[in-house]
Amino acid sequence: MKMNNFEKTIMNSSARVLFLDRFEAPLLRSLGGDLQGLRVLEIGCGQGHSTKRLIEQFGATSVVAIDLDEDSVRKARRNLSALSPHHQVQLLVEDVSALNMPDHSFDAVVDFAALHHVPNWQQALSEISRVLKPGGRFLFEEVTRQWLNRWFARTFLLHPKENRFNAEEFVAEFGRLGFTLTGELVKKRKGDFIFGCAIKATTTIPRSSSR
Ligand SMILES: C[S@@+](CC[C@H](N)C(=O)[O-])C[C@H]1O[C@@H](n2cnc3c(N)ncnc32)[C@H](O)[C@@H]1O
């Protein structure tokens, strides 16, 4: 689900970009590590501010960044046009719930606060798992239903009404997909926001046999 104009204005304001630069990106970098030399997929890149941090702070040199919103992707192309040709950045209009990409094609997938906009976020996580190589990393910053249920979000912002997740439900999906958290799940504002990094299993998990 696309952001409404009010959320777009907030997310792309200089105050929020400063917060992304000084707080969100460094915290995720500390949990997920360097991305230099890796093929990275960013889901829900918006107008490219988080994509720029992947290059500047995570050391990424090869990024495919997708967003559902054509207007945001167009602005991201403009915002990232000054990057050196050394950086391979591809910006595409795509839905994370149905990725038009081959299996096992990325070393890392990064989610800067996109999945809470996706009605079937479990399907989106399955897609992320499908395109990640075994042993690949999934770095995430997410917004839980605790925050989505707060007055400000309910009044001014637009999010899926059903199937919202809390921290525990989000992490529980990792078990289904064979992901393991690499370290702690960081909760901010008492669980309104979560940050973490998970690794995809290198071998297929055998299904338990029925007796
Ligand atoms: C809160 S914004 C975050 C934007 C950017 N990552 C940032 O940190 O500035 C969430 C973004 O996810 C995008 N989005 C929502 N649903 C999506 C979907 N199904 N597939 C891809 N992108 C989606 C929205 O259009 C929006 O740009």
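Order of listing sets the numbers, starting from 1, for every ligand and every atom in it. Note that the coordinates shown come from a computational prediction; the quantities given were computed from them, not determined experimentally.
Looking at S50 next to ligand 1, an N or O pair under 3.5 Å apart turns up. In terms of polar-atom proximity, A113 is not counted as a contact of ligand 1, lacking any N or O under 3.5 Å from an N or O of the ligand. When only interatomic distances are considered, the shortest N/O to N/O separation between F112 and ligand 1 falls below 3.5 Å. Annotation: S97 places no N or O atom under 3.5 Å from an N or O atom of ligand 1; distance criterion only. Between I43 and ligand 1, no pair of N/O atoms sits closer than 3.5 Å. Residue G44 places at least one N or O, backbone or side chain, under 3.5 Å from an N or O of ligand 1. Inclusion of D67 in the set of residues having an N or O under 3.5 Å from an N or O of ligand 1 is warranted.
In summary, the side chains of Q36 and T61 do not present any donor paired with an acceptor at a separation below 3.5 Å, with no hydrogens or angles considered. Under the 3.5 Å distance criterion, with hydrogens and angles disregarded, a donor-acceptor pair is assigned to the side chains of Q57 and D21. Neither side chain, R137 nor T182, offers a donor N or O lying under 3.5 Å from an acceptor on the other.
Of the charged side-chain nitrogens involved, at least one lies within less than 4.0 Å of a carboxylate oxygen, so that R29 and D34 count as a salt-bridged pair. The residues R150 and D192 are annotated as salt-bridged, a charged nitrogen and a carboxylate oxygen being separated by less than 4.0 angstrom. At a threshold of 4.0 Å, the pair E24-R53 does not count as salt-bridged, since none of the basic side-chain nitrogens sits closer than that to a carboxylate oxygen.
When R16, Q47, R53 are ranked by how near their heavy atoms come to atom 8 (O) of ligand 1, first place goes to R16.
Not a single heavy atom of E141 sits less than 4.0 Å from an atom of ligand 1. For M11, the heavy-atom gap to ligand 1 drops under 4.0 angstrom.
M1 O, 3.2 Å is the protein heavy atom nearest to atom 15 (C) of ligand 1.
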